[in-house]
Amino acid sequence: MNRIDPILRVEEVAKSFTMHLRGGLSIPVVEHVAFEVHAGECVVLGGPSGAGKSSILKMVWGNYGVDRGRIAVDGVSGVTDVATAAPREVLALRRSTMGYVSQFLRVVPRVATLDVVMEPALAQGLDPAEAKRRAEGLLSRLNVPERLWSLPPATFSGGEQQRVNIARGMIAEVRLLLLDEPTASLDAANRAAVVDLIEAKKAAGTALLGIFHDIDVRDRVATRIVDVTGFATRRDAA
Amino acid sequence: MTAPLLEARGLTKWYGDRLGCRDVAFDIHEGEVLAIVGESGSGKSTLLSLLSGQLAPTSGSVAYRMRDGAIRDLVSLSEAERRFLFRTDWGFVHQDAAKGLRMGVSAGGNVGERLMAVGARHYGDIRAKAEDWLERVEIEVGRIDEKPTAYSGGMRQRLQIARNLVTAPRLVFMDEPTGGLDVSVQARLLDLLRRLVADMGLAVIVVTHDLAVARLLSDRIMVMRRGRVIEAGLTDRVLDDPREAYTQLLVSSILQP
């Protein structure tokens, strides 16, 4: 692989929502979105709330559709354009190449925490014993008490669920990791643990793209900040 | 890339002048879970019957890759061939377990019968395999000789799953598999299904009107309305960013606890 090539290249991406239940109201979100993320760097999307940061992250992950443009991810088996890829290709990319840490955990009610965390590693074909070791290591680092590991996270506090979700998002070795406010509402010790995990990913050559409202965390992890207000659709100019 | 396991093209069914479904086309590969969602009367069940060869389409085709690699149109299969597929390579999980089980036969017999249909003859082996499958679906082995009539709704449903999966099928059809069960029983069943599907690399086509079930079980969704597929794609894309008016209505109608 050419080391100069980015892991993620976003070109001329545009997104709007059409609200059919409100008489087909069209809500523009962003346009002309363009940036790159290289291996070993953490690019942070900046800008006020509502500017489209989360939408950009979701378009890269593939759970938001894309109106125009290209989202090229350099995966284990070649480059995939998430904007036009078939569902099967996006799923393959999520297994092999991309990880996503959101603020909210969504899991089957009855599955134990340890299994929730191990799942992405197992899906990549990691040996179960090694996956378990990694999961335990991550849960410890994120201060999730060991007595909780065998319980389903559904009844945990918001902060505990969030840390389980971070462990789940961090366990697999991926080329591109997307972070949607992973430190929101965490205490200082856990924020620091997450910062350490992010630094370790950077050092390992992972490309990271994230949203962080916490300025302190952002300044510590960001290699560059891409200001998304530059991609705002010019509603007033018309 | 290998051919899809099942490939539907232009599937259309008319019941006289009433439309069942129209122009449905998709592929499914091993290891994929496809959810077909929509309200009652949208054509979901018609489509499932067409896909599983239980109903002949008015037009269109369903190509299926047999175990020997040969690709056959289901319409051209003989009744005996179709029944053989159902006994060996396919599973069908009904909403009403009584439809998928033999209620007058013991739990062990229900599982063993499928094995005997594919040639198993050794009683000890059949019994051992039935016990193993009851365990996998979390039914106490001590209840192997009871009839399903003595089981709760959730247990019956799990027994039906064991009966279907014991022959290691490649494709399983499910029609509202968690419908009519209590919420806590549903969660357990969903968790079990998810694990079995992943462990066995099954292809699953699941019909459900419950978007939460679709979200937890499936990789892809097809939304049906009035016999047509109006939106299809990755499950989280369809549910998080629904494009069509009807899909937006369905998604916005989910009750949040």
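So that the names make sense, note that chain A is the first sequence line, chain B the second, and so on, each numbered from 1. Note that the structure is a prediction, hence the values are computed from the model and not measured.
Heavy-atom contacts from other residues, nucleotides or ligands closer than 6.0 Å to CD of A:Glu173 number 12 or fewer. The number of heavy atoms from other shown groups lying within 6.0 Å of NZ (A:Lys201) is above 12. Other residues, nucleotides and ligands place more than 12 heavy atoms under 6.0 Å from the NE2 atom of B:His94. By the 6.0 Å contact criterion, CZ on B:Arg67 is enclosed, its count of non-hydrogen atoms from other residues, nucleotides or ligands being greater than 12.
Put simply, of A:Lys58, A:Lys15, A:Met19, the one with the most heavy-atom pairs under 4.5 Å next to chain B is A:Lys15. Chain A forms the most heavy-atom pairs under 4.5 Å with one residue out of B:Ser252, B:Ala245, B:Ala232, and that residue is B:Ala245.
The contact between B:Glu244 and chain A is made entirely by backbone atoms, counting heavy-atom distances below 4.5 Å. Using a 4.5 Å cut-off between heavy atoms, B:Arg220 contacts chain A through its side chain alone, with no backbone atom that close. Looking at B:Arg195, only its side chain comes within 4.5 Å of chain A, counting heavy atoms on both sides.
Using a 4.0 Å cut-off between a side-chain N of Lys or Arg and a carboxylate O of Asp or Glu, B:Asp236 and A:Arg94 qualify as a salt bridge. Taking the charged nitrogens against the carboxylate oxygens, B:Arg194 and A:Glu119 do have a contact shorter than 4.0 Å, which makes a salt bridge.
Contact detail for A:Asn63 and B:Asp241: the closest heavy-atom pair is O-CB, 3.7 Å. Smallest separation of non-hydrogen atoms from A:Thr18 and B:Gln248: O-NE2, 2.8 Å.
Residue A:Arg88 holds its CZ atom at 9.5 Å from CG of B:Asp219, rounded to the nearest 0.5 Å. In this structure, A:Trp61 CH2 and B:Arg237 CZ are separated by 16.0 Å, a value rounded to the nearest 0.5 Å. Note: A:Leu91 CG to B:Thr235 OG1 = 8.0 Å, rounded to the nearest 0.5 Å.
In this structure, A:His20 contributes its side chain and B:Leu249 its backbone to no donor-acceptor pair below 3.5 Å.
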